[in-house]
Chemist: 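Here it is: the structure, laid out below.
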Number of protein chains: 2
Amino acid sequence: MTIHHHPGKERIDAVRAFNRFYTRQIGLLEEGLLKSDFSLTEARVLYELAHRDGLTATDLGRDLGLDAGYLSRLLKKFEERDLVERATIEADARRSSIALTKAGRQAFAPLNQGSHEQVATLLERLSAAEQDRLVRAMQTVQRLLGGSAEPKIPYMLRSLQVGDIGWIIHRQGLLYAQEYGWDETYEALVAEILGAFVKSFDPKWEHSWIAEREGEVVGSVFVVHQSDAVAKLRLLYVEPSARGLGIGRRLVEECIGFARTKGYRTLTLWTNDVLTSARRIYEAAGFKLTDEERHHSFGKDLVGQNWNLEL
Amino acid sequence: MTIHHHPGKERIDAVRAFNRFYTRQIGLLEEGLLKSDFSLTEARVLYELAHRDGLTATDLGRDLGLDAGYLSRLLKKFEERDLVERATIEADARRSSIALTKAGRQAFAPLNQGSHEQVATLLERLSAAEQDRLVRAMQTVQRLLGGSAEPKIPYMLRSLQVGDIGWIIHRQGLLYAQEYGWDETYEALVAEILGAFVKSFDPKWEHSWIAEREGEVVGSVFVVHQSDAVAKLRLLYVEPSARGLGIGRRLVEECIGFARTKGYRTLTLWTNDVLTSARRIYEAAGFKLTDEERHHSFGKDLVGQNWNLEL
DNA sequence: ACGGATACTTGACTAAGTCAACTAAATGGC
DNA sequence: GCCATTTAGTTGACTTAGTCAAGTATCCGT
């Protein structure tokens, strides 16, 4: 379950600004269609017909937001021009499945090509990296507004890839700075830990888990070898946007399972008392608080805690 | 100058998919306007008039992509309904500056409110973090397509902030993996270097520069203390999207200037021969190659180089 | 088997937008 | 300073795009 949130004025205004911007943008793209013998709506209908099979008039009307009467006439005109043909659906005599004829596909091709070239021209003004960012940003917008509800797979775990440790350092640095006011030395500590982890990585004794949700890193945890009897769980974190999905608990469970199968006797971890949600996960997993000490780190007075789990 | 790039089919198709998606999205938002006594175009005109001063008919037509004749009649109707008034521009008797009257603002208010609420409803379905991502993504699209030309300030230099080192580790890790096929140990090395840099940072002898372009990190460099006579330049990098702006050269110059003022006698650096564009910058800045050695690192056979500049 | 819904179709209409011809004022070149 | 050209805006005549309501044929649930 995702937590919903009443949006602030700045966000609403930003979205409205984008809507105005893109209304204009689409208007510009339409102008390119003007020279063809099809209107924008006709082109949209042709596009759908060219890319999807077995469509009925109702499908088209629903997906493109068109009036049934208008669409009916439009399709009739297409049929007269021999661009589309309708096949009766045996199961339902009211509906018919609409498809482009060969002539229809031929008429659509230059239209499609024109649109393709227009977009290509638009993109050519950008560098490859910018094109990439543009596409990603568009996909983000589409995914978020597309009402795609909850993704089928809420998250998946994988092991470390290039780019991950930098990303985790970046996010943890920012997150703890925002939430607890820690300074840049925390980020530096994470960098040192993860740099050393990768450098001296020993697959026999160590492991990492990255939680990914729709292609984005939303959590991670590491198990490092302290001695043949003691494994250490390090740097558990879950993105605020992905909290409530049980990712934290799952990551800790993976660590425990890994430590058990590798024959460790104890799983230990160090944390700070301000990190209450992490603490709750450790308690639920059976960890016991063994000791606490005050320390001054990351620009704050903190209480460090060691927790142990006998395996 | 930015490097342009011929876009691939996937990117073009992704952009076209987004256009279709957003055409529909805007269609849905328009439906909300239907109950008011203004058409979408009228509402757009009212919006512009409400938010910008001293507009002429031509300005409106250009910015909203409207036919001059159509707009003329539309404004005449508004004037008859006493929603707008025109003031003659003393410098040019052909043009007149159009503004909403009090009645115009009153008529616009519920329209504006309606649109505001509609967007608010749309956003409410998302969590705060998702709203944030949506807005960012929209701003990215708008900035990239907005033809905002070159930004007034092509880039600016600043010193390190929380989140920077993680970001630099992430980007360098990915970049060298993509461009030269280096493995995750390079990213780990960067993490160790930067973790240690922040941890043992000595402002008397050391410094960092982050190049920022429109709020994004596009380059960085570090100077570290090796001895009181020798400073080391480390981890120079410039984002591919920001190459050609002279950022690399500028970063190296800053390092040299800093090393001179701090009284170092030598500025040294280590690099690899495959990094040809960096090498060109070092040569131009007066660095001399002192020695080379073959080594196997980051999953590749490489030739490491030491370069020195006597200050 | 029948009441209500669904998938279209058609007629009558209005809104939205285009195009070209026109007037009046400004602007640039010589 | 004059004249050709451009720009700002207007108007008439028109087309296209889209809406609305009433209608027919078919399907679906009970």
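This is a predicted model, so every value here is computed, not measured. Quick note on labels: first sequence line is chain A, next is B, and so on, each numbered from 1.
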Chemist: Can you confirm if the aromatic rings of Tyr22(A) and Phe18(B) lie within a centre distance of less than 6.0 Å?
Modeler: yes

Chemist: Please give, in whole Å, the distance from dT19(D) P to Leu74(A) CG?
Modeler: 12 Å

Chemist: Between atom CG in Leu60(B) and atom P in dT10(D), what is the gap in whole Å?
Modeler: 12 Å

Chemist: Under the criterion salt bridge (charged side-chain N to carboxylate O under 4.0 Å, His left out), I'd like the reasoning laid out for Arg249(A) against Glu253(A): C-alpha separation, chi angles, the key distance, then a yes or no.
Modeler: CA-CA 6 Å; Arg249(A) 195 168 41 76; Glu253(A) 279 167 12; 3.2 Å; yes

Chemist: Heavy-atom distance under 4.5 Å between the side chains of Arg213(B) and Leu245(B), does that happen here?
Modeler: yes

Chemist: Go through dT10(C), dG9(D), dA7(C) for me and flag the one nearest to the Arg95(B) side chain.
Modeler: dG9(D)

Chemist: Using side chain to side chain contact (heavy atoms under 4.5 Å, CB included) as the criterion, point out the one residue from Leu122(A), Leu123(A), Val135(A) that pairs with Ile12(B).
Modeler: Leu123(A)

Chemist: Tell me: CD of Glu80(A) to C1' of dT9(C), nearest whole Å?
Modeler: 13 Å

Chemist: Map Ser72(B) and Leu66(A) onto DNA chain D by nearest heavy atom, then report which one ends up closer to the 5' terminus.
Modeler: Ser72(B)

Chemist: Rounded off to whole Å, could you give me the CG-to-P distance for the Asp67(B) and dT16(D) pair?
Modeler: 16 Å

Chemist: Send over the distance from Asp59(B) CG to dG9(D) C1', rounded to a whole Å.
Modeler: 13 Å

Chemist: Rounded to whole angstroms, how far apart are NZ on Lys76(A) and C1' on dA17(D)?
Modeler: 17 Å

Chemist: Using a cut-off of strictly less than 4.0 Å, decide whether Ser39(A) has a side-chain nitrogen or oxygen near OP1 or OP2 of dT16(D).
Modeler: no

Chemist: Under 4.0 Å from OP1 or OP2 of dG18(D): is there any side-chain N or O of Thr41(A) that close?
Modeler: yes

Chemist: Let's test your reading of the model: under 3.5 Å, does the base of dG12(D) pair with the side chain of Arg73(B) as donor and acceptor?
Modeler: yes

Chemist: State, with a plain yes or no, whether a side-chain heavy atom of Leu60(B) is found less than 4.5 Å away from one of Leu49(B).
Modeler: yes

Chemist: Got Leu66(A) and Val45(A) here, is their nearest side-chain heavy-atom distance under 4.5 Å?
Modeler: yes

Chemist: Verify the contact: side-chain N or O of Thr58(B) to OP1 or OP2 of dT7(D), cut-off strictly under 4.0 Å; return yes or no.
Modeler: no

Chemist: Begin from the C-alpha positions of Tyr237(B) and Arg171(B) and carry the test side chain to side chain donor-acceptor pair (under 3.5 Å) through to its verdict.
Modeler: CA-CA 9 Å; Tyr237(B) 108 106; Arg171(B) 289 303 302 158; 5.0 Å; no

Chemist: Sugar-phosphate atoms are those with a prime plus P, OP1 and OP2; base atoms are the rest. Using that split, label each nucleotide of nucleotides 22-30 of chain D B, S or - for protein heavy atoms under 4.0 Å, 5' to 3'.
Modeler: ---BBS---

Chemist: If each of Ala68(A) and Leu71(B) is mapped to the nucleotide of DNA chain C with the nearest heavy atom, which maps nearer the 5' terminus, i.e. the 5' end?
Modeler: Ala68(A)

Chemist: In this structure, how many angstroms lie between the P atom of dG17(C) and the CD atom of Glu30(B), rounded?
Modeler: 9 Å

Chemist: For a quick check of understanding: with a heavy-atom distance under 4.0 Å over all strands, which category does Arg86(A) fall into, base, sugar-phosphate or nothing?
Modeler: sugar-phosphate

Chemist: How many whole angstroms separate atom CG of Leu55(B) from atom C1' of dA8(D)?
Modeler: 15 Å

